[in-house]
Amino acid sequence: MDRTPDGHVISLDIPSSMQLVYVLDSVISQILKEMGFDDESREQVNLAVIEAGTNAIKHGNKEDVNKRARFEFILNQDKLTVVVQDGGAGFDRNSVENPLNPENLLKSSGRGIFLMETCMDAVTYEAPGTTVRMVKYKKSPSNKQK
Amino acid sequence: MDRTPDGHVISLDIPSSMQLVYVLDSVISQILKEMGFDDESREQVNLAVIEAGTNAIKHGNKEDVNKRARFEFILNQDKLTVVVQDGGAGFDRNSVENPLNPENLLKSSGRGIFLMETCMDAVTYEAPGTTVRMVKYKKSPSNKQK
Amino acid sequence: MEIVVRRRDDVTILDVAGRIAGSDSLDLKRAIDAQIEIAAGNIAKIVLNLERVRIVDSFGLGVIVAAYTSIQRNGGRIALLNVGGNIKNLIVMAKLMTIFDRYDNEDEAVASFQ
Amino acid sequence: MEIVVRRRDDVTILDVAGRIAGSDSLDLKRAIDAQIEIAAGNIAKIVLNLERVRIVDSFGLGVIVAAYTSIQRNGGRIALLNVGGNIKNLIVMAKLMTIFDRYDNEDEAVASFQ
Ligand SMILES: Nc1ncnc2c1ncn2[C@@H]1O[C@H](COP(=O)(O)OP(=O)(O)O)[C@@H](O)[C@H]1O
Ligand SMILES: Nc1ncnc2c1ncn2[C@@H]1O[C@H](COP(=O)(O)OP(=O)(O)O)[C@@H](O)[C@H]1O
């Protein structure tokens, strides 16, 4: 969609309160709509961004409203990159349990990172785990990444 | 509405392209909704914020995408404050013509600042005119500011 | 913005829906310029039906004013139909009541050109 | 989130509409806890109708799983009705197909308790 300028960065910065996640929701929804992602991709990216934002606010900043959760949306013709950063202690992705293991199936939590990784095309964690970078490609005839 | 945390600051930062104003629109709309402003106030603040954002992008940053337009939304129980900042040369509010003067009525521009000042409860410009601060109070029995 | 162009006798009615704001407003400018073109020296008689317009900003207001002046300059006339809510407030605030003829009934708006 | 509680024979049907996401999901948790309470030692027979649910996140998925385990623990049973679209995808992805009984027809879901 040629209304998407290439490489533009939109930044959003909120205090770490779950009450403010609606702002994140409205920004990502609107960006996905304007970039012309299909419905399924929009649901997926929306979910992944909310999961990452929730982790930054809850696990990273422990809902301390004096700490900020920072979001960068990098808009390209063929993809959207979302970078989520918190002011917490970080964590090690590899020590997170796999929610698909039979012994974890009945747990009531632990599926956020799994959903992020399932819904996005690429998810990387920057040491020490306070920053997560997620990429979603647009599906189009000229773009077979996914 | 007690879902509004007091004094929280939400920051949004976008490249100076009018194509990206939709993000500003979605953020301010959602904040107004969640803060529980009435319909009329929502239309007014929405209009004022878009006018201020347009001025920052067009007049301030001259649509240079390398310059950023910065928005701060300060949420209080009784009011919303919006600070809009650009990276331009600034301007002098007092030298802007009054669009209500008979000789200006038929001009096709020059009504943005007028609408901002009409729609908000307070509008102030910080020298050198690259920052505008606007306040809207909530109407409620216990709050007679407006 | 959606614009439907209708004719009643020699009067052109533009039914506008959506927002007359930002660059969207240019669609309205183009539609009105086209009508002035079509009139080609004859008197352009235009009714702008704003019933389904939800949002107007300063840019959109400017486009409506510019339409007024350019139709006027070409010897035509524009009337506004169904100006309500927020838009009415804006027109009142911007002191534009005096320049526009406004109607709340399509028959009256069309008849005003006869 | 909106939850309507209906009874058919000794089966309780919860018609959920909206989002089972974030803290909204706690409404569903409370509604299910209330049903377990009401059953008071008897077998809770619950059908969760997700037909009008648009969004589920990891928290919501966790609430549904927690409902399953706590009803199970109390000797009852929960069945899912009209699981479609995005939610079905999530349940498949999270490998939860095996733990839940799912139906696309209310009569069948209710009959499964007899
Ligand atoms: N931004 C973060 N900062 C610190 N720890 C995190 C962060 N994100 C995730 N974690 C850790 O990873 C675990 C798994 O996260 P997730 O898969 O989202 O499930 P859940 O949030 O339900 O626990 C969390 O319980 C937490 O310990
Ligand atoms: N952020 C800004 N930076 C520089 N100049 C500005 C800014 N905002 C407004 N102005 C000046 O004030 C004038 C009036 O602005 P406004 O009332 O919004 O009308 P318009 O945008 O239609 O010209 C502009 O034409 C511009 O010269």
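These figures come from a predicted structure and were not determined experimentally.
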**Student:** Just checking, any donor-acceptor pair under 3.5 angstrom between side chains of Glu63(B) and Ser16(B)?
**Tutor:**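 There is no such pair between these side chains.
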**Student:** Who among Thr98(C), Asp57(C), Val56(C) has the most heavy-atom pairs with chain B under 4.5 Å?
**Tutor:**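 Of Thr98(C), Asp57(C), Val56(C), Asp57(C) has the most heavy-atom pairs under 4.5 Å with chain B.
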**Student:** Which answer fits Leu106(B), side chain, backbone, both or neither, if we ask what part of it has an atom under 4.5 Å from a heavy atom of chain C?
**Tutor:** both
**Student:** Under 6.0 Å from the ring centre and within 45 degrees of the ring axis: does the NZ or CZ of Arg77(C) meet both conditions for the six-membered ring of Phe113(C)?
**Tutor:**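 Arg77(C) over Phe113(C) ring: yes.
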**Student:** So which residue, Leu105(B), Asn46(B), Leu47(B), Ile50(B), ends up with the most heavy-atom pairs under 4.5 Å with chain C?
**Tutor:**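 Maximum pair count with chain C is reached by Leu105(B).
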**Student:** What I want to find out is whether Lys29(C) reaches Asp33(C) closely enough, with some N-O distance under 4.0 Å, to be called a salt bridge.
**Tutor:**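 Answer for the salt bridge query: yes.
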**Student:** Taking side chain as everything from C-beta outward and backbone as N, CA, C, O, which of these in Leu115(B) sits under 4.5 Å from a heavy atom of chain C? Side chain, backbone, both or neither.
**Tutor:** side chain
**Student:** Checking Asp25(B) against chain C: side chain, backbone, both or neither under 4.5 Å from a heavy atom?
**Tutor:** side chain
**Student:** Hey, are Glu43(B) and Arg54(C) close enough for a salt bridge, meaning a charged N less than 4.0 Å from a carboxylate O?
**Tutor:** no
**Student:** Using non-hydrogen atoms only, which part of Leu90(C) is less than 4.5 Å away from chain B: side chain, backbone, both, or neither?
**Tutor:**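 Contact with chain B is through the side chain of Leu90(C) alone.
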**Student:** Report yes if the side chains of Arg8(C) and Asp107(C) come closer than 4.5 Å at any heavy-atom pair, otherwise no.
**Tutor:**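 Heavy-atom side-chain distance check passes, below 4.5 Å.
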